[in-house]
Amino acid sequence: MRVLGIETSCDETAAAVVDDGPKLVTNVIHSQNSAHARFGGVVPEVASREHVARLVDIIEQAVAPVGGIQTIDAVAVTRGPGLVGALLVGVQMAKGIALARGIPWLGVNHLEGHVAAALLADRPPTYPHVALVVSGGHTHLYAVRNFGDYALLGGTRDDAAGEAFDKVAKLLGLGYPGGALLERAAIGGNPAAIDFPRALRQRASLEFSFSGLKTSVASYLRERPQLEGRELADLCASVQEAIVDVLSAKAVRAAKRIGAGGVAVAGGVAANGRLRTLLEERCAGAGLWCFVPPKVLCTDNAAMIAAAGWMRLSRGEHDDFATSVTSRWPLGNALDTRVRIKNRKTKPEAVR
Ligand code: KG4
Ligand code: ZN
């Protein structure tokens with residue numbers, strides 16, 4: 001089975017092809033960053049229009065090297081969570097292709113897609129493992145018992161980790177999206193220079209909270225409005241350290257608690273070099289393996305959607321034409337009901 005994957009849940013317009021395995025064949029991504037940068041965040045209406053303008057071309061680029069759309073056996077598309085208008089562009093396109101070609105289509109959960117990026121590796125993670133999904137809208141720890149079998153272990157009470165990176169970068173005037181820019185500004189900085197708060201770090205619970213970090217950076221900046229050079233690098237390195245310290249500590253704690261063999265990290269923040277290094281160190285120290293996908297498969301892409309779709313199709317699943325998009329679509333039920341997930345955000349993942 002050759003599967004075309006489509007991703008339009010937020011501000012990346014992406015298409016990819018996977019063959020049996022799932023094995024990655026092509027992976028095309030168009031980032032809308034430049035269209036949203038002047039607004040300092042994703043504007044839903046702009047995102048939808050950009051998807052409409054770009055999607056056909058992106059799909060053509062993805063299928064051309066494999067002999068065109070005629071060679072595709074099924075279409076997998078992100079059906080949620082995300083921006084409704086943006087999701088509709090991809091889902092309607094997938095249904096159109098399925099209808100015209102008489103092939104199945106399948107709506108994929110974007111979060112399952114992030115977790116499924118690992119399946120495209122030469123040596124994918126074994127089960128059970130803990131997945132740390134860290135993106136612009138999500139910070140979740142899952143027990144992954146098998147493909148399709150997820151239990152939520154914990155999540156953020158307020159801001160997502162990527163959101164924390166983006167908000168601090170905005171405070172510093174680094175630009176948008178802020179995660180990668182803050183990482184770059186942190187190069188050469190001392191991560192121990194400023195002791196920013198690590199909320200819930202010592203608590204046994206697997207919940208996170210990042211909103212206080214932004215507040216404390218804001219008050220630090222009020223006293224030192226003109227940060228530059230070494231001081232700016234120190235601040236960025238210290239913020240980055242505060243975020244990745246908590247993420248990696250809780251991921252390791254989660255793996256130990258459920259008796260998993262290791263930790264797989266996914267989502268845009270997994271592109272962060274310091275998170276990758278610290279998580280690897282701490283996993284090794286705890287006798288756990290650590291899996292981090294290549295960066296291009298961490299940030300939003302359609303290869304991960306095609307991979308998850310291929311897995312579901314190979315189990316005989318597909319969707320009917322009455323199925324449509326959904327802005328909220330949690331992955332898995334809470335495993336430990338004593339751990340209450342108090343994510344007060346009602347916005348979908350994609351809204352930052
Ligand atoms: O998974 P993703 O591409 O989109 C969502 O599904 O949200 O994640 C985007 C998030 C943004 O918050 C971005 O700032 C963050 O991932 N990010 C990073 C890095 N690259 C992207 N955060 C820290 N360090 C990076 N290198
Ligand atoms: Zn994502």
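For ligands, and for the atoms within them, numbers begin at 1 and follow the listed sequence.
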Pick, from Thr299, Asp166, Leu275, the option with the minimum heavy-atom distance to atom 11 (C) of ligand 1. Asp166
Nearest non-hydrogen contact with atom 16 (O) of ligand 1 belongs to which option: Gly268, Gly179, Ala266?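 Shortest heavy-atom distance from atom 16 (O) of ligand 1: Gly268.
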For ligand 1, which is the ligand I care about here, please tell me if Gly267 has any N or O atom under 3.5 Å from one of the ligand's N or O atoms.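 By distance alone, the answer is no.
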Could you walk me through whether Lys214 and Asp159 satisfy the salt bridge (Lys or Arg N to Asp or Glu O under 4.0 Å) test, starting with their C-alpha distance in whole Å, then the side-chain angles of each, then the deciding distance to 0.1 Å, before giving a yes or no? CA-CA 10 Å; Lys214 192 199 87 175; Asp159 290 352; over 6 Å; no
Asp300: which N/O/S atom is nearest the Zn ion (ligand 2)? OD1
If you check every N/O/S atom of His114, which is the one nearest the Zn ion (ligand 2)?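 Closest to the Zn ion (ligand 2) among those atoms: NE2.
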His51-Thr8 side chain donor-acceptor pair, cut-off 3.5 Å: no
Judged by modelled atom types alone, do Glu50 and His36 share a side-chain donor-acceptor pair under 3.5 Å? no
Can you tell me if Cys10 has an N, O or S atom under 2.8 Å away from the Zn ion (ligand 2)? no
Short N/O/S contact of His138 with the Zn ion (ligand 2) (below 2.8 Å):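 Given the 2.8 Å cut-off, His138 does not count as a ligand of the Zn ion (ligand 2).
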Are Arg2 and Asp73 ion-paired here, with the side-chain N under 4.0 Å from a carboxylate O? no
For ligand 1, which atoms have a heavy atom of [X] less than 4.0 angstrom away?
X      : result
Gly162 : 12 (O)
His114 : 1 (O), 6 (O)
Glu183 : 24 (N), 25 (C), 26 (N)

Holding to side-chain contact (heavy atoms from CB on, under 4.5 Å), I want the full list of residues that pass it with Arg49, two or more places apart in sequence or in another chain.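 If we apply the side-chain contact (heavy atoms from CB on, under 4.5 Å) test to Arg49, skipping adjacent residues, the hits are Glu45.
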Not counting sequence neighbours, which residues clear side-chain contact (heavy atoms from CB on, under 4.5 Å) with Ser31? List them please.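 Ser31 satisfies side-chain contact (heavy atoms from CB on, under 4.5 Å) with Glu12, Asn33 once adjacent residues are dropped.
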Report the part of His138 (side chain from C-beta onward, or backbone N, CA, C, O) that has a heavy atom under 4.0 Å from ligand 1; answer both or neither where that applies. neither
Should the proximity of His110 to ligand 1, defined as any heavy atom under 4.0 Å, be assigned to the side chain, the backbone, both, or neither? side chain
Check the orientation of Phe147 and Tyr150. Use parallel for under 30°, tilted for 30 to 60°, and perpendicular for over 60°. perpendicular
Relative to each other, are the rings of Phe210 and Phe208 parallel, tilted or perpendicular (30° and 60° limits)? parallel
Sub-4.0 Å heavy-atom approach of Cys10 to ligand 1: no
Once you round to the nearest 0.5 Å, how far does CG of Leu331 lie from CD of Glu112? 6.0 Å
